Protein chains: 2
Amino acid sequence: MQPDDTMDMTRAVPERRKIELGLLENFVGMLLRAAYNEAFEDFARLLGSDTLKPGFFTVLTLVALNPGITQVEIGREARRDKSSVTKALRQMEDEGLIRRVRLEDDRRSYASYLTHEGAKLHRRMEIKAREHIAHLDAVIGVERKRVLVETLNDLIADLPPSAEESAGGTRAS
Amino acid sequence: MQPDDTMDMTRAVPERRKIELGLLENFVGMLLRAAYNEAFEDFARLLGSDTLKPGFFTVLTLVALNPGITQVEIGREARRDKSSVTKALRQMEDEGLIRRVRLEDDRRSYASYLTHEGAKLHRRMEIKAREHIAHLDAVIGVERKRVLVETLNDLIADLPPSAEESAGGTRAS
DNA sequence: GTGAAATGGTTTCTCAACAAACTAATTTTG
DNA sequence: CAAAATTAGTTTGTTGAGAAACCATTTCAC
């Protein structure tokens, strides 16, 4: 058996058996999941433990840039199930980061706005988000990032059977 | 407000407010997660309801191509936590798809092999996997797929702080 | 040669996310 | 105009996945 040079060799380890991957070698779904995990972890490390989770950044950003946004709109743009959005918005409301106001002309729905506290936190998170983006750019470069973003958007838009927007999303795992 | 032409317009809907995304527009982590969901769903649809879940395909393939593979090796290559691998292997064992044999020279560990039943199921799943791959290729093309695979591999390998292999993996969501 | 550390695998618990069902409100249909 | 259908958001339950702790075994350090 030959040593597997792609493995971490920071500490002497006995040679590992080479594992055949077959069509898993370039199995995009598996790679997408693994890459997502790494990206998520990188952002979470930068955020540290004293702020909200990376997923909240998405919601905070949507509310920050779109005062009065509704839960349905947040769910659609973040590609999260509405029940997940309910929980996130409730938690942020409890922590004084946003406030929600019933719409006058549609009492089923309400509008969300950032509070002063929420705006402060959002700015801090955004700084970390830009650091995270810089990490990604350093690893793959601007040109490959451009292709990556374009390719992922096409997968998202055209892979579904009727290419409908899957606003509700699916289980990540 | 202008109608958002990127939205599904198969049924007349009132015009939607344009939502500002800011740096979420090209936020790679979000796109990776969404693309993964779509890829997962596409594969799951092809598999239908009478077979195992897409995640089992990974394990079955590793066992099929590497008779005698250990759980640690499976976890590493599939980038799954060992507790998740335990559960998957147990379920496959219970369904008669694999058999596990304690190693003579290391009684902590054991080797997994596909049964005849498991080989049959794996072949059926592999046919579906190739259909799934054909879907992806049709959407993004071979050249962009090559770049996608290369880019994702670099993110997986080089985004971690010490670029160690995160065999344990992280939470997909 | 012995105790400590590491490893392989298991078990239990927590968490995030969605599915499904629900309530209240609005829109559609006849 | 009233009933049916749809929508916005909430609640409850399920599931997948990993974190942490555990046990048994092997390897390492002295």
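Just so it is clear: chains get the letters A, B, ... in the order the sequence lines come, proteins before strands, and each one is counted from 1. Here the structure is a predicted model, which means the values were calculated and not measured.
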(request) Could you state the atom-to-atom distance from CG of A:Leu89 to P of D:dA8 in whole Å? (result) 15 Å

(request) Just say parallel, tilted or perpendicular for the rings of A:Phe43 and A:Phe57, cut-offs at 30° and 60°. (result) perpendicular

(request) Calculate the interatomic distance between B:Arg80 atom CZ and D:dT15 atom P; express it in whole Å. (result) 17 Å

(message) How many whole angstroms separate atom NZ of A:Lys82 from atom P of C:dA19?
(response) 10 Å

(request) Round to the nearest Å and state the distance from B:Asp81 atom CG to C:dT7 atom P. (result) 15 Å

(request) Could you check A:Val149 against A:Lys145 for side-chain contact (heavy atoms from CB on, under 4.5 Å), going step by step and ending with a plain yes or no? (result) CA-CA 6 Å; A:Val149 164; A:Lys145 175 166 173 204; 4.3 Å; yes

(message) Distance check needed: C:dC18 P versus A:Lys87 NZ, whole Å only.
(response) 12 Å

(message) Rounded to whole Å, how long is the line connecting atom CZ of A:Arg102 with atom C1' of C:dT23?
(response) 11 Å

(request) Measure the distance from CG on A:Leu103 to P on C:dT27 and round it to the nearest whole Å. (result) 12 Å

(request) From the options D:dG18, D:dG16, D:dT10, select the nucleotide whose nearest atom is closest to the side chain of A:Arg33. (result) D:dG18

(request) List the atom of A:Thr151, the atom of A:Val147, and the distance in Å for their closest heavy-atom pair. (result) OG1-O, 2.6 Å

(request) Kindly work out whether a path of hydrophobic side-chain contacts (I/L/V/M/F/W/Y, heavy atoms less than 4.5 Å apart) joins A:Phe27 to A:Ile19. (result) yes

(request) Verify the contact: side-chain N or O of A:Gln71 to OP1 or OP2 of D:dT10, cut-off strictly under 4.0 Å; return yes or no. (result) yes

(request) Counting heavy atoms from C-beta on, name the nucleotide in C:dA17, C:dA19, C:dT11 closest to the side chain of B:Arg90. (result) C:dT11

(request) Might you point out which heavy atoms bring A:Glu77 and B:Met30 nearest each other, and give the distance in Å? (result) O-CE, 3.3 Å

(request) Classify the side chain of B:Arg108 versus the base of C:dT7 as yes if they form a donor-acceptor pair under 3.5 Å and no if they do not. (result) yes

(request) For A:Thr86, report the nucleic acid contact type (base, sugar-phosphate, nothing); a contact means any heavy atom under 4.0 Å. (result) base

(request) Verify the contact: side-chain N or O of A:Tyr110 to OP1 or OP2 of D:dT10, cut-off strictly under 4.0 Å; return yes or no. (result) yes

(request) Report yes or no: is there a donor-acceptor pair, N or O only, under 3.5 Å between the side chain of B:Ser83 and the base of D:dA17? (result) no

(message) Under the ring pair (Phe, Tyr, Trp, His ring centres under 6.0 Å) definition, can you give me all pairs with a residue in residues 86-113 of chain B, not counting sequence neighbours?
(response) none

(request) Taking only the side-chain nitrogens and oxygens of A:Arg107, find out if one of them lies under 4.0 Å from OP1 or OP2 of D:dA8. (result) no

(request) Could you please name the option among D:dT10, C:dG9, C:dT26 that lies closest to any side-chain atom of A:Asp106? (result) C:dT26

(request) Starting from the first five and the last five pairs of the helix from C:dG1-D:dC30 to C:dG30-D:dC1, work out the angle between the resulting helix axes, to 10 degrees. (result) 30°

(message) Check the phosphate of D:dG16 against B:Ser84, side-chain N and O only, distance under 4.0 Å to OP1 or OP2. Yes or no?
(response) no

(message) I need the CZ-P distance between A:Phe40 and C:dC15, as an integer number of Å.
(response) 14 Å

(message) Regarding A:Thr86 and A:Gln71, do their side chains bring together a donor and an acceptor under 3.5 Å, going by distance alone?
(response) yes

(request) Please name all residues satisfying side chain to side chain donor-acceptor pair (under 3.5 Å) with A:Thr61, sequence neighbours left out, ordered by chain then number. (result) A:His122

